[in-house]
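Here is the naming used below: chain letters follow the sequence lines, and residue numbers restart at 1 for every chain.
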Amino acid sequence: DAGVTQSPTHLIKTRGQQVTLRCSPKSGHDTVSWYQQALGQGPQFIFQYYEEEERQRGNFPDRFSGHQFPNYSSELNVNALLLGDSALYLCASSLWDRDNPEAFFGQGTRLTVV
Amino acid sequence: DQQVKQNSPSLSVQEGRISILNCDYTNSMFDYFLWYKKYPAEGPTFLISISSIKDKNEDGRFTVFLNKSAKHLSLHIVPSQPGDSAVYFCAKYNQGGKLIFGQGTELSVKP
């Protein structure tokens, strides 16, 4: 049973470019959330997708957008990259079940903007 | 608005002794608190959770205590093992389904 998988694991981009990160949730999970973890900080919630719709959004600009596909996999897109976007991006999968809070995380994508 | 705070960035403990990791929160509205462990180059791994209606939850060597009047929770690891060395995050889970994380505490267990 594959857990949460993210690709790529590492990425280097130039300021102003656009990037797409990908996530496949744990088998049986229907909800995907994305988090940004800066160095020395805890993960910060970006947004959450369920039934191919954005259900919740954190305090991130519109440059951050996402998508969920019918097979529950998800993409995170960041436009007009800034140096400050350099971080570890984590995908978490869970069940759309409010009595079950546990989320499973992927290994993350390390994005470096130069 | 830092709703979840872990005020100790690091903690060093001798193998076999107790590790106590602390977390404070400022907003009372929550359903669960969760603790995650993170090794370098890996994603966070779920350890244990506690519902807002409980004071204590235990799972093997890990016990989480919740003090709602003090808005404080703690994770106890007994006995500590070198493999427990990692960064530990507490996170608040709201009905909306998102997790709000603290800054993390790096635990080092010395042999």
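Interface check for chain B: of the options A92(A), S33(A), A103(A), the most heavy-atom pairs under 4.5 Å are formed by A103(A).
Hydrophobic clustering (ILVMFWY, side-chain heavy atoms < 4.5 Å, transitive): L83(A) and L111(A) are in one cluster. Residues F64(A) and Y49(A) are members of one and the same hydrophobic cluster, defined by side-chain heavy-atom contacts under 4.5 angstrom among Ile, Leu, Val, Met, Phe, Trp and Tyr. V32(A) and I100(B) fall into different hydrophobic clusters, defined by Ile, Leu, Val, Met, Phe, Trp and Tyr side-chain heavy atoms under 4.5 Å apart, directly or through other members. Note on Y32(B): it clusters hydrophobically with F45(A), by side-chain heavy-atom contacts below 4.5 Å among ILVMFWY residues. W34(A) is connected to L81(A) through a chain of hydrophobic side-chain contacts under 4.5 Å among Ile, Leu, Val, Met, Phe, Trp and Tyr, so both are in one cluster.
Looking at F47(A), neither its backbone nor its side chain comes within 4.5 Å of chain B, counting heavy atoms on both sides. At a 4.5 Å heavy-atom cutoff, Q6(A) makes no contact with chain B through either its backbone or its side chain. Residue contact with chain A, scored on non-hydrogen atoms closer than 4.5 Å, involves the backbone and the side chain of L99(B) alike.
Two residues are said to be in side-chain contact when any heavy atoms from C-beta on lie closer than 4.5 Å; F105(A) and Y36(B) meet this criterion. By the 4.5 Å heavy-atom criterion applied to side chains, E102(A) and I48(B) are not counted as neighbours. Using a 4.5 Å heavy-atom threshold, the side chains of Q107(A) and Y39(B) count as separate. Counting heavy atoms from C-beta outward, F101(B) and Y35(A) have side chains that approach closer than 4.5 Å.
Atom NZ of K38(B) is separated from atom CG of L90(A) by 6.5 Å, given to the nearest 0.5 angstrom. From S94(A), atom OG reaches atom CZ of F46(B) across 12.5 Å, with rounding to the nearest 0.5 Å. Atoms NZ and CZ, from K98(B) and R57(A) in turn, are 11.5 Å apart once rounded to the nearest 0.5 Å.
The number of heavy-atom neighbours closer than 6.0 Å to CZ of R63(A), taken from other residues, nucleotides and ligands shown, is above 12. More than 12 non-hydrogen atoms from other residues, nucleotides or ligands lie less than 6.0 angstrom from CG of N71(A). More than 12 heavy-atom neighbours from other residues, nucleotides or ligands sit within 6.0 angstrom of CG on L82(A).
Considering every non-hydrogen atom in both F89(B) and Q37(A), the closest pair reads CZ-NE2, 3.3 Å.
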